[in-house]
Colleague: 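Quick one: structure below, then a few questions.
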Amino acid sequence: MWYQARRNLIPNRVVWLQDDVLHARFYWLAVPRDQRIKGAQVIAKLRGQTIDLEVSGPSKIHVRINDEMLALDRPISVRVGSRIAFRGPLTRTIAVLAKTLQERGDRRGMFSAEVTVSVP
């Protein structure tokens, strides 16, 4: 019997380590082109309406969000370490949907909102 596993595209915890091959995105996280740094690490945890980030390396992180992850009709919070980097509502946009569809080529991996946070 063939077992076919299904990848969880929206895990509650993501550990992203930039190794030899640098990437612009990983699950629901992304970095600007100039922020792809060898050895950089991002640990992201999704809890309710809050996303906690521990970042070593990049100075900006794009957090992509869809309605499966949290309620976009309610305010969200993004913390970097102990600092609130973003708090408020997000707007769903066609531009973010199109960008994430183009990157992934899979409608299951699309996100409808994005917030960019600065890392101190």
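Below, all heavy atoms of this structure are taken into account, side chains as well, without hydrogens, waters or symmetry copies.
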Colleague: Please report the closest heavy-atom contact between A44 and L53, naming both atoms and the distance.
Modeller: CB-CD2, 3.5 Å
Colleague: Going from CE on M110 to CG on L101, what distance comes out if it is rounded to the nearest 0.5 angstrom?
Modeller: 5.5 Å
Colleague: Does P89 reach the side chain of R74, with side-chain heavy atoms less than 4.5 Å apart?
Modeller: no
Colleague: Please determine whether side-chain contact (heavy atoms from CB on, under 4.5 Å) holds for the pair I43 and V14, giving the CA-CA distance in whole Å, both sets of side-chain angles, and the decisive distance to 0.1 Å.
Modeller: CA-CA 6 Å; I43 299 172; V14 174; over 6 Å; no
Colleague: So, the side chain of Q41 versus the backbone of V55: is there a donor-acceptor pair under 3.5 Å, distance only?
Modeller: no
Colleague: Distance check, rounded to the nearest 0.5 Å: I65 atom CD1 versus L70 atom CG?
Modeller: 5.5 Å
Colleague: Rounded at 0.5 Å granularity, tell me how far CG in L29 sits from CD in E114.
Modeller: 10.5 Å
Colleague: Please round to the nearest 0.5 Å and tell me the distance separating atom CD of Q18 and atom CZ of F26.
Modeller: 9.5 Å
Colleague: How many angstroms lie between atom CD1 of I61 and atom OG1 of T116, to the nearest 0.5 angstrom?
Modeller: 9.5 Å
Colleague: After noting the C-alpha distance and the side-chain angles of S77 and Q49, does the key distance pass the side chain to side chain donor-acceptor pair (under 3.5 Å) rule?
Modeller: CA-CA 6 Å; S77 296; Q49 290 294 105; over 6 Å; no
Colleague: Which atom pair, heavy atoms only, marks the closest approach of T91 to A113?
Modeller: O-CB, 3.7 Å
Colleague: Applying a strict under-4.5 Å side-chain criterion to I, L, V, M, F, W and Y, I'd like to know whether L46 and L72 cluster together.
Modeller: yes
Colleague: Check step by step if side-chain contact (heavy atoms from CB on, under 4.5 Å) holds for R79 and T50.
Modeller: CA-CA 8 Å; R79 286 192 299 222; T50 302; 4.1 Å; yes
Colleague: Test salt bridge (charged side-chain N to carboxylate O under 4.0 Å, His left out) on D19 and K38; report intermediate values, then the result.
Modeller: CA-CA 6 Å; D19 204 1; K38 184 175 181 176; 5.7 Å; no
Colleague: I'd like to know if R92 and D73 make a salt bridge, using a cut-off of under 4.0 Å between side-chain N and carboxylate O.
Modeller: yes
Colleague: I'd like to know whether CZ of R87 has more than 12 heavy-atom contacts from other residues, nucleotides or ligands below 6.0 angstrom.
Modeller: no
Colleague: Over all heavy atoms of both residues, which pair between V21 and H23 is shortest? Give the atoms and the distance, please.
Modeller: O-CD2, 3.3 Å
Colleague: Taking all non-hydrogen atoms of both residues, which atom of W28 and which atom of L9 are closest, and how far apart?
Modeller: CD1-O, 4.2 Å
Colleague: Check this for me, if you would: do R104 and D106 make a salt bridge, where the nitrogen-to-carboxylate-oxygen distance has to be below 4.0 angstrom?
Modeller: no
Colleague: Do the side chains of D52 and R47 get close enough for a salt bridge, i.e. N-O under 4.0 angstrom?
Modeller: yes
Colleague: Can you name the nearest heavy-atom pair linking A40 to P58, along with the distance?
Modeller: CB-CD, 3.6 Å
Colleague: When you check the gap from the basic side-chain N to the acidic O, do E103 and R64 get nearer than 4.0 Å?
Modeller: yes
Colleague: Would V96 and V78 show up in the same hydrophobic cluster when neighbours are defined by side-chain heavy atoms closer than 4.5 Å?
Modeller: no
Colleague: Determine, using the 4.5 Å side-chain heavy-atom cutoff (strictly less than), whether L97 and I76 are members of one ILVMFWY cluster.
Modeller: no
Colleague: With rounding to the nearest 0.5 Å, note down the distance linking CD1 in I10 to OH in Y27.
Modeller: 11.5 Å
Colleague: Can you see which heavy atom on D67 is nearest to which on S112, and at what distance?
Modeller: OD2-OG, 4.1 Å
